[in-house]
Amino acid sequence: MATPSSIPLAFTVRRCKLELVAPAKPTPHEQKLLSDIDDQKSLQVQFPAVQFYRYEPSMEGKDIAKVIKEALAQTLVFYYPFAGRLKEGANGNLIVDCNGEGVMFIKADADVTLEQFGEPLQPPFPCFEELLFDVPGSQAMLNCPLLLIQVTQLKCGGFIFALRFNHVMCDAFGFQQFMSTIGEMARGAVTPSIPPVWERHLLNARDPPRVTFTHHEYDQVEATVIMDNMVECSFFFGPVEVSLLRSLLPLHLRHCTKFELIIACLWRCRTIAINLDPYEKVRMLCIANVRSKFNPPLPSGYYGNVLVSATAITTVKNLCHNPVGYAVELIKKAKANVTEEYIKSTADLFAIRGKSLNVPAAIGSYGISDLTHMGFENVDYGWGKAVFAGPANAIGLVSFFIPTKNKEGQVGTLVPICLPALAMERFSNELDNMLKHHHIEGKKSKSILISSAM
């Protein structure tokens, strides 16, 4: 079920000169405030994603890069904050200076076919740095373009749409809305089917702020393992794998969601693999889109970050010496805490602790975000749906659930994971053992802690 961290593939990419694409029409020149949820240190990252498209005979002769560039310019008329730049305001808070300067766009072509990237398509993608050129000096938070796009035409007639966006502007749900609008414009629309809504004050702290929950996702912890010699592997969970993992649970937990089940298994296997002190605390951060928790609901076009982390916490010993059902129960309990009040408590925590607040960059803290229902693969620029769409890789200590199909055409969930090389080997072995062994209800797993010498 694991795939190699890379496949041998070399190709040449010829890039045109970088362009700045501005809105197609004049847009308001103003400054917009981000929400207290947007303006958190853990979201001050550049998020890379990629879409792969096959050759479409009906679009023969069309210049895909030109189509997308024109659609992008039209989309920026409605999403004009994306064409601006981040500035630092009072108290160090980030502000979007809507100046219409534009986003970065690169047209390219490559002497490689879609089929050469492997079947099925899945991260990590070989030579991704060729598919998304890291423009020197473009990764800073302040005074830099908020979006980078590279459209690479392949020699088979397909193309790759690679991008990087500044996470403080939106979450995956909001960015999918933005991307879908580009697709609509490329297919001839003149206005978005879902008009964008800024209204970031809706996710601001209360006055006065009051923290009503314990937020373990922001505990200050020290890194106890040096993360070097990192490798990435993707793991596929189809109907067979999910059924086998569910059989490990006691009867009263077998109704848990697929998300809860897979997260619990990954958390346990990963914790065994990184070989921490038995009494060290480990955290699983279930990064959730919580739009459904608001009453009254948020406006349908709201594209800001509506993310919080449902956080389960326990010791290495308890997690690894108990059956996987123990982890499932911790995750279910953590998710149950995520109410509208929890979201407001999170915003209030940011208001009180401000820029000092950040998710700990410690290997014992692991986050997973479920993107299986985002619909990135449905974005259509006129060439049909994407063959693959999603994050280009795991980012640091965060993995993503990506919808995909395996070679046999089974629909399932792909999870890219990044670990030190030896830990990845132990992780893969532990997960294989979990899938191979059918445990009697309530019986402890035969595979406990794995020695670092293995």
Side-chain angles (χ1 to χ4, degrees), residues 15-32 34 46-47 49-51 53 56 59 61-87 95-109 132-133 135 138 143-153 159-166 168-170 173-200 299-304 375-376 378-384 386 389:
R15 286 183 290 268
C16 296
K17 185 179 178 182
L18 171 74
E19 300 178 67
L20 283 179
V21 177
K25 298 177 183 177
T27 54
H29 280 224
E30 59 188 7
Q31 292 191 333
K32 286 186 173 290
L34 294 163
Q46 303 284 352
F47 188 95
V50 64
Q51 299 168 314
Y53 289 86
E56 171 51 52
M59 302 300 282
K62 294 272 189 178
D63 184 339
I64 178 57
K66 181 180 178 182
V67 169
I68 290 179
K69 188 174 76 169
E70 291 176 354
L72 174 62
Q74 293 173 305
T75 298
L76 289 173
V77 173
F78 302 93
Y79 288 85
Y80 62 88
F82 265 113
R85 302 292 184 266
L86 290 179
K87 307 289 183 182
I95 295 173
V96 184
D97 181 20
C98 302
N99 55 23
E101 289 186 17
V103 302
M104 296 179 289
F105 185 88
I106 301 170
K107 176 182 178 180
D109 64 83
L132 186 64
F133 178 59
V135 179
S138 68
N143 304 311
C144 280
L146 299 170
L147 178 63
L148 166 64
I149 291 173
Q150 180 175 322
V151 177
T152 305
Q153 183 86 37
F159 67 93
I160 299 171
F161 188 127
L163 60 96
R164 189 187 74 202
F165 70 90
N166 194 312
V168 302
M169 293 294 291
C170 59
F173 186 95
F175 198 69
Q176 194 278 340
Q177 182 180 303
F178 173 80
M179 296 293 289
S180 291
T181 301
I182 298 177
E184 290 174 345
M185 298 297 179
R187 300 193 317 273
V190 293
T191 58
S193 59
I194 302 176
V197 174
W198 187 261
E199 303 298 334
R200 301 298 170 103
S300 63
Y302 186 88
Y303 64 100
F376 286 110
N378 296 326
V379 176
D380 181 0
Y381 306 103
W383 277 257

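Along the sequence shown, residues carry numbers from 1.
Side-chain contact between L20 and M104 is present, with at least one heavy-atom pair separated by less than 4.5 Å. Two residues are said to be in side-chain contact when any heavy atoms from C-beta on lie closer than 4.5 Å; L148 and I106 meet this criterion. Between N166 and F47 the shortest side-chain heavy-atom distance does not fall below 4.5 Å. For the pair Y53/V379, a side-chain contact is recorded, criterion being any heavy-atom separation below 4.5 Å from C-beta on. At a threshold of 4.5 Å between non-hydrogen side-chain atoms, the residues M169 and P81 count as touching.
Within the structure, salt bridge (Lys or Arg N to Asp or Glu O under 4.0 Å) pairs that include any residue of residues 72-86 comprise R85-E101 (at least two apart or interchain).
For the side chain to side chain contact (heavy atoms under 4.5 Å, CB included) criterion with C170, the lone passing option out of F178, Y302, F165 is F165.
Side chains of T152 and R15: a donor-acceptor N/O pair is absent below 3.5 angstrom, by distance only.
Considering every non-hydrogen atom in both P145 and G102, the closest pair reads CB-O, 4.1 Å. When all heavy atoms are compared, the tightest approach of Q150 to L132 is OE1-CA, 3.5 Å.
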Just distance, no hydrogens or angles: give the donor-acceptor pairs under 3.5 Å from side chains in residues 186-195, sequence neighbours left out.
from	atom 1	to	atom 2	distance (Å)
R187	NH1	G183	O	3.3
R187	NH1	D380	O	2.6
S193	OG	E184	OE2	2.4

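Take S180 and apply the side chain to side chain donor-acceptor pair (under 3.5 Å) test, not counting sequence neighbours, and it matches Q176. The salt bridge (Lys or Arg N to Asp or Glu O under 4.0 Å) test applied to K32 returns E30, not counting sequence neighbours. Judged as a side chain to side chain donor-acceptor pair (under 3.5 Å), and not counting sequence neighbours, the contacts of Y381 are Q51. Taking F173 as the reference, nothing meets the ring pair (Phe, Tyr, Trp, His ring centres under 6.0 Å) condition, with sequence neighbours excluded.
Between the T181 side chain and the Q177 main chain, a donor and an acceptor come within less than 3.5 Å of each other. Under the 3.5 Å distance criterion, the side-chain polar atoms of E56 are left unmatched by any main-chain donor or acceptor of G384. D63 contributes a side-chain N or O that, together with a main-chain N or O of K66, makes up a donor-acceptor pair within less than 3.5 Å.
A salt bridge is defined here as a Lys NZ or Arg NE, NH1 or NH2 lying under 4.0 Å from an Asp or Glu carboxylate O, and K69 with E19 meets this definition.
Note: Q31 CD to N99 CG = 9.5 Å, rounded to the nearest 0.5 Å. Here CD1 of I149 is found 15.0 Å from NZ of K107. Values are rounded to the nearest 0.5 Å.
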TODO: Any chance you could lay out the side-chain contact (heavy atoms from CB on, under 4.5 Å) test for W383 and I64, step after step, and finish with the verdict?
DONE: CA-CA 9 Å; W383 277 257; I64 178 57; 3.1 Å; yes
